[in-house]
Amino acid sequence: MTVLDTLKERGFVQQLTHEDEIAELLEKEKITFYIGFDPTADSLHVGHFLGMMVMAHMQRAGHRPICLIGGGTAMVGDPSGKTDMRKMMTQETIAYNGEQFKKQMQRFIDFSDGKALMLNNADWLLELNYVQFLREIGVHFSVNRMLTADCFKQRLEKGLSFLEFNYMLMQAYDFLELNRQCDCIMQMGGDDQWSNILAGADLIRRKESKPAYGLTFTLLTTSDGRKMGKTEKGALWLDSDKTSPYDFYQYWRNIDDADVEKCLALLTFLPMEEVKRLGALKDKEINIAKKTLAYEVTQLIHGKEEATKAQQAAEALFGGSGALDNAPTVTVPASAIGTKLLDVLSFTGIVSSKSEGRRLIQQGGLYIGDTTVGDPDFLFTADLLDNNTLLIRKGKKNYHRIVVE
RNA sequence: GGAGGGAUUCCCGAGUGGCUAAAGGGAGCAGACUGUAAAUCUGCCGUCUUCGACUUCGGUGGUUCGAAUCCACCUCCCUCCA
């Protein structure tokens, strides 16, 4: 079974430039390919992780991945899939974000002995000469054809700046550059990158008269088509300071039934027989699949130790036994004793405002043990504490440990 | 450069002098039902010292007893013309 078969079987593959040639190529040769990641935030999120999984599968099959940090392209901003113009980011922010990306990527891809490369397109894009670029690259692009590309269509309604319109040329140039520098012959990316990838492959074929290939993989969406990995706090980040391993674990533990099998296939390395077996479980049973998914994904991103802790915390809170040490914890000073519980909740950020906290309490959504706290003036007293700790529950499944220091 | 249109609470989007903290939808939160799921139904959804007070409708200033709503200037965006 070739990597392409694997990728197909697991549900990654969306579009390919030359299906048969790619199949043959991946089977018979070890190729160099790349995926680009624009550092628009200070951490990767699950969407990026999907790309890392593709890379990992490819690397396991002996191909050489290039992680391309888009330090140059992020200066412009990709209009694909966006309805609004992006905020311009400062060069410092982009550079910082790029460094964060680098650190995280090293966990998923093996960069030892040149088995993978990490490059930054800022290195060649930022110093480009405008007129030269236009003459060398710009000539090969037909505006007429670009305008028919899907990625620009919706933006033609809403407005598209010349800055963003250039993004496609820059990405195409990246591919060409990598082809020249490292003999990179394939670009992969999320399905929204299809137009950009095609542009690059075309450019290489024209300028170098050499073959170049592209493949897009599925975007992570829920069964009803929404983008996956959205939480109340925004994206599901891979950085444990932005999304704790516990919250990360819980996200997958609570995934829709309909999405379990897909996620197991895409986001874990479990063999497909196992994925299918787990995905076929019905009713209550499917919770087993969700636990497996949550553990496996958390483990890949945060490591075994953190994944186990998250799992234990969840078991302790929902299963009713075991150590609670790893449950989400906030600390308050001893002086908080004797003040209103409401104030403590607000102070620790468990509720975002006192109004919200008051509402929560009045609606009966706050619990200590199994009893609801109905009184907004309820006091946070010492006798509630067990070992300096109070475990409260907000709604059905948001637990918080309040520890007095 | 000229002509017109627009900027509303997290998002979309009503509202053109008092009854508007501002319709409706989405998101979010809570309750019921459940399987730590989905769907559904119900309530909430600016802040605070919450039966009351305060702040909000791009910015600044003005008219008025009273403005998101009227006027002036400014900023940004869109459309058409050049």
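Keep in mind that the numbers below use all heavy atoms, side chains included, and drop hydrogens, waters and symmetry copies. Below, chain A is the first sequence line, B the second, and so on; all start at residue 1. What you see is a predicted model; the values in this text were computed from it and never measured.
Atom pair A:Glu356:CD and B:G46:P shows a separation of 11 Å (rounding to whole Å applied). What separates NZ of A:Lys262 from C1' of B:A38 is a distance of 14 Å, to the nearest Å. In this structure, the NZ atom of A:Lys284 is 14 Å from the C1' atom of B:C33, given to the nearest Å. Rounded to an integer number of Å, the gap from NZ of A:Lys397 to C1' of B:A37 is 8 Å. Atom-to-atom, CD of A:Glu164 to P of B:C77 comes out at 13 Å; the value is rounded to the nearest Å. One can place NZ of A:Lys290 at 7 Å from P of B:A37, the figure rounded to the nearest angstrom. Rounded to an integer number of Å, the gap from A:Arg359 CZ to B:C44 P is 11 Å. Following rounding to the nearest Å, A:His400 (NE2) and B:C29 (P) show an atom-to-atom distance of 12 Å.
Map A:Asp257 and A:Ser346 each onto its nearest nucleotide of RNA chain B; the residue landing nearer the 5' end is A:Asp257.
Between B:C73 and B:U63, the two C1' atoms lie 15 Å apart (nearest whole Å). Here the separation of B:A22 from B:U56, taken at their P atoms, is 16 Å to the nearest Å. Remark: the separation of the C1' atoms in B:G6 and B:G58 is 11 Å, to the nearest Å. B:A3 and B:A82 are spaced 11 Å apart, taking the C1' atom of each and rounding to whole Å. Across B:U47 and B:U9, the matching C1' atoms stand 12 Å from one another, rounded to whole Å. As rounded to the nearest Å, B:G18 and B:C70 have C1' atoms that lie 14 Å from one another. Rounded to whole Å, the P atom of B:G15 lies 42 Å from the corresponding atom of B:C33. Separating the P atom of B:G61 from that of B:U55 is a span of 15 Å, rounded to the nearest Å.
Between A:Lys396 and B:C29, a side-chain N or O to OP1/OP2 separation shorter than 4.0 Å is absent. For the pair A:Lys354 and B:U50, the criterion of a side-chain N or O lying under 4.0 Å from OP1 or OP2 is not met. Between A:Tyr251 and the phosphate of B:A37, there is no side-chain N or O to OP1/OP2 separation shorter than 4.0 Å. Applying the 4.0 Å criterion to OP1 and OP2 of B:A30, one finds that A:Asn398 has a side-chain N or O inside that range. Between B:U50 and A:Arg358, a contact under 4.0 Å exists linking OP1 or OP2 to a side-chain N or O.
Base engagement by A:Ile286 is indicated by at least one non-hydrogen atom pair under 4.0 Å involving a base atom. A:Arg253 comes within 4.0 angstrom of a base, heavy atoms only. The residue A:Glu285 sits apart from the nucleic acid: no heavy atom pair falls under 4.0 Å. Using a 4.0 Å heavy-atom distance criterion, A:Tyr367 is classed as a sugar-phosphate-only contact. Nucleic acid contact for A:Ser353: sugar-phosphate only, since backbone atoms but no base atoms lie under 4.0 Å from a heavy atom of the residue.
For the pair A:Arg10 and A:Asp5, the salt-bridge criterion is not met [side-chain N within less than 4.0 Å of a carboxylate O]. A:Glu296 has no carboxylate O lying under 4.0 Å from a charged side-chain N of A:Lys291, or vice versa, which leaves the two without a salt bridge. Between A:Glu306 and A:Lys309, at least one side-chain N (NZ, or NE/NH1/NH2) sits under 4.0 Å from a carboxylate O, which counts as a salt bridge. We find that A:Arg180 and A:Glu208 are joined by a salt bridge, their nearest charged nitrogen and carboxylate oxygen being less than 4.0 Å apart. Under a 4.0 Å N-O distance rule, the pair A:Glu285/A:Lys282 does not qualify as a salt bridge.
Distances were taken from every side-chain heavy atom of A:Ser355 (C-beta onward) to each of B:U34, B:A30, B:U47; the shortest belongs to B:U47. Considering only the side chain of A:Leu360, B:A30 comes nearest among B:U47, B:A37, B:A30.
Counting only N and O atoms by type, the side chains of A:Asn196 and A:Gln171 include a donor and acceptor under 3.5 Å apart. Side-chain atoms of A:Asp78 and A:Gln193 include a donor-acceptor pair closer than 3.5 Å.
In this structure B:U79 sits in a base pair with B:A3, meeting the Watson-Crick or G-U test at under 3.5 Å. Across the strands present, B:C73 finds its partner in B:G59; the criterion is a Watson-Crick or G-U wobble pair with both atom distances under 3.5 angstrom. The partner of B:C33, taking Watson-Crick or G-U wobble pairs whose two distances both stay under 3.5 Å, does not exist in any strand shown. B:A67 makes up no base pair with any nucleotide shown, lacking Watson-Crick or G-U wobble contacts both under 3.5 Å. In this structure B:A22 sits in no base pair that meets the Watson-Crick or G-U test at under 3.5 Å.
The aromatic rings of A:Phe165 and A:Phe162 lie tilted to each other, with the angle between the two planes from 30° to 60°.
A donor and an acceptor atom never sit less than 3.5 Å apart when one is taken from the side chain of A:Gln363 and the other from the base of B:G31.
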